[in-house]
Amino acid sequence: MVTADIDDLIADLEGLEEAATSALCGPDGLLDDEAIASLRMTSEYLYLDEGGPQVPEYAVMEALPKVWALRELLREARTRGLWIALS
């Protein structure tokens, strides 16, 4: 990725935490049973399996720090003038 690509991705990530939480979660910030069932059919990245080490109701909360971390990594790369290769 070059600077313009990095800037575009940073812009796309801005507000994602709030948008995902308001669109997918209840007022407590957790997924309800209906949302979990719906997301199981489409999500490739949220951990939604029952009986595992993680609780599906917290899947969005667990994913949000990864969005923050990616945005910060991109900002650091932009500041330093680095290129990023994603596959």
Side-chain angles (χ1 to χ4, degrees):
M1 301 180 108
V2 295
T3 303
D5 297 324
I6 292 171
D7 289 340
D8 289 345
L9 186 50
I10 290 171
D12 289 344
L13 292 173
E14 289 299 331
L16 181 60
E17 294 100 323
E18 294 82 14
T21 302
S22 66
L24 300 173
C25 299
D28 58 1
L30 301 178
L31 294 171
D32 62 24
D33 291 338
E34 185 178 325
I36 293 169
S38 175
L39 288 169
R40 276 190 180 126
M41 293 185 286
T42 58
S43 177
E44 296 179 28
Y45 302 105
L46 295 177
Y47 184 85
L48 299 165
D49 294 336
E50 291 183 27
Q54 296 172 310
V55 180
E57 289 82 359
Y58 290 91
V60 171
M61 272 194 221
E62 292 170 353
L64 293 181
K66 295 175 177 105
V67 173
W68 176 86
L70 176 58
R71 191 173 48 242
E72 293 306 306
L73 180 139
L74 292 168
R75 286 180 177 153
E76 182 72 16
R78 182 183 58 196
T79 299
R80 293 181 182 212
L82 302 175
W83 289 32
I84 297 176
L86 299 174
S87 61

key: Basic-acidic side-chain contact under 4.0 Å: K66, E17   =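 No, this pair does not count.
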Compare all side-chain heavy atoms of [X] with those of [Y] and state whether any distance is below 4.5 angstrom.
{"X": "L74", "Y": "D7", "value": "no"}
{"X": "C25", "Y": "M61", "value": "no"}
{"X": "D5", "Y": "I84", "value": "no"}
{"X": "L31", "Y": "L48", "value": "yes"}

message = Hydrophobic clustering (ILVMFWY, side-chain heavy atoms < 4.5 Å, transitive) - are W68 and L73 grouped together?
response =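 They do not share one cluster, since no chain of ILVMFWY contacts under 4.5 Å joins L73 to W68.
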Hey, what do you get for [atom1] ([X]) to [atom2] ([Y]), rounding to the nearest 0.5 Å?
{"X": "R71", "Y": "L16", "atom1": "CZ", "atom2": "CG", "result": "8.0 Å"}
{"X": "R40", "Y": "L46", "atom1": "CZ", "atom2": "CG", "result": "11.0 Å"}
{"X": "L64", "Y": "T21", "atom1": "CG", "atom2": "OG1", "result": "4.5 Å"}

key: Residue D33 excluded, over 12 heavy atoms near CG under 6.0 Å   = no
inquiry  = Counting neighbours of CD on E34 that are heavy atoms of other residues, nucleotides or ligands and sit closer than 6.0 Å, is the number greater than 12?
reply    =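 Incorrect, the count does not exceed 12.
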ask   = Between D28 and L30, which heavy-atom pair has the shortest distance, and what is it?
value = OD1-N, 3.0 Å
